[in-house]
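Inspection log for the structure reproduced underneath, given as structure tokens.
Keep in mind that what you see is a predicted model, and the values were worked out from it rather than measured.
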Amino acid sequence: MMQAMIFAAGLGTRLKPLTDTMPKALVSVGGEPLLKRVIHNLSVAGVDRIVVNVHHFAQQIIDYLKENDNFGLDIRISDESAGLLETGGGIKHAAPLFAPDAPILIHNVDILSNVDLRHFYQRAGGLLKTDGLANATADAPDASVGAVADVPDALLLVSQRKTQRYLLFDDTMRLVGWTNIATGEVKTPYPDLDPKACRMYAFAGIHALSPRMLPLMQQFPDRFSIIDFYLQTCATHRIEGFAKDDLQLMDIGKLDTLAQAEEFLVKVKSPSQPSPSGRA
């Protein structure tokens, strides 16, 4: 099977006043709610099960999915109404809802991109039983290397966009740290790490996590960042970055980006547009 999680619990404060009366996930972009767009793209990729976490106007999301019969998918709700758990805590809280034998493709609800999610899932070790794929190379993305042991413990989509906060990778694209170039702050399990000697990429809000990493989260508090989790485990586990050369990505985080989103959707030419079925 192929499974995913959509982060839809956020307050959406940068999208006020729209999010004063609705969750960010139901804000419309190009005539369709963000949540519907992500669900559609995951479905096209072959996802069977989707976990959606909810907090801000949680019932609106629950009702929306029910009204649309979960778009014909196995969609499960991870309820964070009692309090936001951040990205890592959200995954930990949702752990019982996942199948134990398939990577979890994690997607922020406010991200639009031209990423081939099925290919990304394959690179993370998904679909091994059906496609015989493991950790394929960039030159031959569909080539099988045959061994499940070769797949990463987590695969992070990254880009070269300008920001203040960067993930740090070695020459093999294994995660080794994080830095804020504005403040000089560095987070790494390696005491002698030189950020200038590392490859620097921005996190793109899409990643895949092996279910074998879920038990490690029990050592963490209920609320924590998934990036902090990756940084604390990258010395002992294979946390890798995947830089898509022609990546086109948009974070629908602010009101001014909504006006640009429709043009962006035309530019990325996604595999297909959301079907007319279901309510907007």
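Gln160 meets the side-chain contact (heavy atoms from CB on, under 4.5 Å) test with Tyr201; sequence neighbours excluded. Partners of Arg165 according to the salt bridge (charged side-chain N to carboxylate O under 4.0 Å, His left out) rule, which considers only residues two or more places apart in sequence or in another chain, do not exist here. Partners of Arg14 under the side-chain hydrogen bond (donor to acceptor under 3.5 Å, both in side chains) rule, at least two apart in sequence or in another chain, do not exist in this structure. Residues meeting the side-chain hydrogen bond (donor to acceptor under 3.5 Å, both in side chains) test with His107, sequence neighbours left out: none. For Glu80, there are no salt bridge (charged side-chain N to carboxylate O under 4.0 Å, His left out) partners at least two apart in sequence or on another chain. By the ring-ring contact (aromatic ring centres under 6.0 Å, His included) test, Phe57 pairs with no residue at all, sequence neighbours left out. Annotation: salt bridge (charged side-chain N to carboxylate O under 4.0 Å, His left out) contacts of Lys66 (sequence neighbours excluded): none. The side-chain hydrogen bond (donor to acceptor under 3.5 Å, both in side chains) check on Arg199 picks up nothing, with sequence neighbours excluded. Ser81 is linked by a side-chain hydrogen bond (donor to acceptor under 3.5 Å, both in side chains) to Asp79, counting only residues two or more places apart in sequence or in another chain.
Pairing each heavy atom of Pro103 with each of Gly125, the nearest pair is CG-C, 4.0 Å. Residue Leu231 comes nearest to Gly177 through the heavy atom pair CD2-C, 3.4 Å, listed as atom of the first residue, atom of the second, then distance. Shortest non-hydrogen contact noted between Ile227 and Phe203 is CD1-CD2, 4.0 Å. Between Gly30 and Arg37, the closest heavy-atom pair is O-NH2, 3.1 Å. What you find for Ala4 and Phe98 is that their closest heavy atoms are O-CE2, 4.0 Å. A pairwise comparison of heavy atoms in Ile252 and Leu15 identifies O-CD1, 3.8 Å as the closest pair.
From Ile39, atom CD1 reaches atom CG of Asn68 across 8.5 Å, with rounding to the nearest 0.5 Å. Here the CG-CG distance, from Asp153 to Leu216, works out to 8.5 Å after rounding to the nearest 0.5 Å. A distance of 9.0 Å separates CG of Asp222 from NE2 of His93, quoted to the nearest 0.5 Å. With rounding to the nearest 0.5 angstrom, the NZ atom of Lys16 is 9.5 Å from the OG1 atom of Thr21. Here the CE-CZ distance, from Met2 to Arg118, works out to 6.5 Å after rounding to the nearest 0.5 Å. We find the CD1-CD1 distance between Ile106 and Ile91 to be 3.5 Å, quoted to the nearest 0.5 Å.
Hydrophobic clustering (side-chain heavy atoms under 4.5 Å, transitive across Ile, Leu, Val, Met, Phe, Trp, Tyr) keeps Val151 apart from Ile239. Placement of Val158 and Leu112 in two distinct hydrophobic clusters is found when ILVMFWY residues are connected by side-chain heavy-atom separations under 4.5 Å, directly or transitively. By the criterion of side-chain heavy atoms lying less than 4.5 angstrom apart, applied directly or through intervening Ile, Leu, Val, Met, Phe, Trp or Tyr residues, Leu157 is not grouped with Ile226; the two fall into different hydrophobic clusters. Put simply, Leu84 and Met5 are part of two different groups of oily side chains (I, L, V, M, F, W, Y) that touch within less than 4.5 Å, one to the next. Cluster membership check: Leu34 shares its hydrophobic cluster with Ile50, using side-chain heavy-atom separations under 4.5 Å among Ile, Leu, Val, Met, Phe, Trp and Tyr.
In this pair, Phe120 and Phe242 present their aromatic rings tilted. The plane angle is within the 30 to 60° band. Classification of the His207-Tyr230 ring pair by plane angle, with boundaries at 30° and 60°, yields perpendicular. Note: Phe220 and Phe224 have tilted aromatic rings, judged against thresholds of 30 and 60 degrees for the angle between ring planes.
Residues Tyr121 and Leu155 have side chains not in contact (no heavy-atom distance under 4.5 Å, counting atoms from C-beta outward). With a 4.5 Å cut-off on side-chain heavy atoms, Met217 and Phe229 count as touching. Between His55 and Leu11, some side-chain heavy-atom pair lies under the 4.5 Å cut-off. At a threshold of 4.5 Å between non-hydrogen side-chain atoms, the residues Ser43 and Leu73 count as touching. The side-chain heavy atoms of Leu175 and Leu168, taken from C-beta on, include no pair separated by under 4.5 Å. Two residues are said to be in side-chain contact when any heavy atoms from C-beta on lie closer than 4.5 Å; Val109 and Val52 fail this criterion. For the pair Val51/Ile104, no side-chain contact is recorded, criterion being any heavy-atom separation below 4.5 Å from C-beta on. A heavy-atom distance below 4.5 Å is found between the side chains of Val27 and Met22.
Pairs of residues two or more places apart, or lying in two chains, that qualify as side-chain hydrogen bond (donor to acceptor under 3.5 Å, both in side chains) and include a residue from residues 183-198 are Lys187-Asp228. Pairs passing the salt bridge (Lys or Arg N to Asp or Glu O under 4.0 Å) check and including a residue from residues 39-53, sequence neighbours excluded, read Arg49-Asp74. Among residues at least two apart or in separate chains, there is no salt bridge (Lys or Arg N to Asp or Glu O under 4.0 Å) pair with a member in residues 173-183.
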Apply side chain to side chain contact (heavy atoms under 4.5 Å, CB included) to residues Asp110 and Asp251 and explain how you reach the verdict. CA-CA 6 Å; Asp110 55 2; Asp251 178 352; 3.4 Å; yes

Would you please test Leu249 and Ser159 for side chain to side chain contact (heavy atoms under 4.5 Å, CB included) and show each step? CA-CA 9 Å; Leu249 184 139; Ser159 69; 6.0 Å; no

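Judged purely by atom type and a 3.5 angstrom limit, Gln60 has no side-chain atom pairing as donor or acceptor with the backbone of Leu26. Judged by distance alone, the side chain of Asn53 and the main-chain N or O of Ala8 form a donor-acceptor pair under 3.5 Å. Looking only at distances, no side-chain donor or acceptor of Thr163 sits under 3.5 Å from a matching main-chain atom of Ala202. Not a single donor-acceptor pair under 3.5 Å links the side chain of Asn108 to the backbone N or O of Phe7.
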